[in-house]
Amino acid sequence: METVRETPRTTTLVLDAPGWPGHRAGQHVDFRLTAEDGYQAQRSYSIASAPEDPELRVTVDRLEDGEVSPFLVDDVLAGDQLELRGPIGGPFTWSVDDGGPLLLLAGGSGIVPLMAMLRHRAARGSEVPARLLHSVRAPRDAIFRRELLGLSGPSAAGPGTASLDVRWTFTRAAPPDWDGFSGRIDAAMLEAFEPAGPPGSSGTAPAGRAHDPDALVFVCGPTPFVETAAELLVARGHDPGHVHTERFGPT
Ligand SMILES: Cc1cc2nc3c(=O)[nH]c(=O)nc-3n(C[C@H](O)[C@H](O)[C@H](O)COP(=O)(O)OP(=O)(O)OC[C@H]3O[C@@H](n4cnc5c(N)ncnc54)[C@H](O)[C@@H]3O)c2cc1C
């Protein structure tokens, strides 16, 4: 196993998982840690890598008062062995064969399973229209930002880059010259993020309404973030049956 520091708070564990059966983007694994006295703790971590990637990756956010995440971020060393079970999870998964358009909303480390979906989309050269809105405290917390800028936007090239729109909102500290979103996700931000019409179209939906109520929506992050975002999306007319949610925090 190797480790890669992503942000000051997050680390990716690159795992050798002999006999790994493969996974769908969006699934997770469970780690079980056992102390010398036999005490055990188990936690779930989303798979960050695409099914096509040769390595299995998870990305862990360090919670200051957490039991397991500080150990995984600070103490695990290359070559260590971890006990894991997986892949786990069904409804919160996506494959390019499921089609789109895709609408992805992430809060903090909730980006991890959505990144697996976008890595999978890129690995397959898919043109399925996709939008991602990532809510983080400050730019330094924007996990995978550099990679996401390479998959979308004016400097990106290759299949699917023109049909991927990635945005960030900074809830605590936006840079002085920032002209993107800031603050928590609300109805006005969703209206601007998801204007009337998919990327490149003129669109016909009235203000406040989703341009594509049948989009496949995935929302992931801390429980309050997920609940607020899902409610706002349904209020915009998104089909609740297409709004998939994954809550990372306590209920
Ligand atoms: C399906 C699933 C996938 C997950 N994927 C990821 C992932 O990819 N990356 C990742 O970093 N985490 C992920 N999590 C969260 C992870 O399982 C742990 O809950 C998290 O790492 C905290 O564990 P801990 O032992 O450090 O904290 P704990 O000791 O369990 O909790 C410490 C304190 O933090 C609170 N707390 C617990 N979890 C959260 C949270 N997520 N946000 C805010 N407060 C919290 C607790 O109420 C407590 O007060 C996932 C959770 C689920 C259910």
Side-chain angles (χ1 to χ4, degrees), residues 1-15 17 20 23-35 37 39-51 53 55-76 80 82-94 104-120 132-138 140-145 147-148 171-172 184-185 217-230 243-251:
M1 184 189 57
E2 291 170 42
T3 62
V4 179
R5 182 62 77 161
E6 302 282 0
T7 72
R9 286 177 49 144
T10 55
T11 288
T12 291
L13 307 180
V14 185
L15 307 159
W20 181 250
H23 65 278
R24 276 172 65 85
Q27 287 190 299
H28 65 274
V29 296
D30 281 350
F31 282 130
R32 188 161 69 178
L33 306 181
T34 307
D37 64 0
Y39 172 77
Q40 290 189 325
Q42 184 169 305
R43 297 288 185 279
S44 302
Y45 291 95
S46 298
I47 299 167
S49 42
D53 291 341
E55 294 146 333
L56 185 67
R57 291 170 176 254
V58 298
T59 302
V60 181
D61 182 35
R62 184 187 196 287
L63 294 188
E64 207 51 57
D65 58 346
E67 188 180 328
V68 169
S69 60
F71 169 78
L72 292 174
V73 171
D74 296 337
D75 299 336
V76 167
D80 280 358
L82 292 169
E83 191 180 338
L84 75 81
R85 196 166 65 88
I88 303 166
F92 199 85
T93 61
W94 179 77
L104 309 176
L105 268 69
S109 57
I111 184 71
V112 177
L114 309 185
M115 192 67 199
M117 295 176 191
L118 291 179
R119 285 173 166 162
H120 164 63
L132 167 69
L133 176 57
H134 190 191
S135 172
V136 291
R137 289 174 193 168
R140 66 181 191 155
D141 299 314
I143 313 169
F144 309 132
R145 188 161 186 220
E147 184 177 342
L148 286 165
T171 57
R172 293 199 189 161
R184 294 184 171 208
I185 288 178
V217 183
F218 293 87
V219 185
C220 186
T223 304
F225 169 89
V226 171
E227 284 172 2
T228 304
V243 178
H244 307 279
T245 57
E246 184 114 284
R247 294 161 174 78
F248 276 8
T251 47

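By convention here, the first residue in the shown sequence is residue 1. Just so you know, ligand 1 is whichever comes first in the structure, and atom 1 is the first atom listed for that ligand. No experiment lies behind these values; they were computed from the predicted model shown.
- Partners of Asp30 according to the side chain to side chain donor-acceptor pair (under 3.5 Å) rule, which considers only residues two or more places apart in sequence or in another chain, are Gln42, Ser44, Arg85.
- Residues forming a side chain to side chain contact (heavy atoms under 4.5 Å, CB included) with Glu227 (at least two apart in sequence, or on another chain): Thr223, Arg247.
- Between Thr12 atom OG1 and Leu72 atom CG the span is 12.0 Å, to the nearest 0.5 Å.
- The salt bridge (charged side-chain N to carboxylate O under 4.0 Å, His left out) contacts involving residues 39-51 comprise Arg43-Glu67, where partners must be two or more places apart or lie in separate chains.
- Closer than 4.0 angstrom to ligand 1 sit non-hydrogen atoms from His28, Arg43, Ser44, Tyr45, Ser46, Thr59, Val60, Asp61, Leu63, Asp65, Gly66, Glu67, Val68, Ser69, Pro70, Ser109, Val112, Glu246, Arg247, Phe248, Gly249, Pro250.
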query: Does the pair Thr34 and Gln40 meet the rule for a side-chain contact (heavy atoms from CB on, under 4.5 Å), with working shown?
result: CA-CA 4 Å; Thr34 307; Gln40 290 189 325; 3.0 Å; yes
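- Checking Asp74, Thr7, Thr10 one by one against Arg62, the side chain to side chain donor-acceptor pair (under 3.5 Å) holds for a single residue, Asp74.
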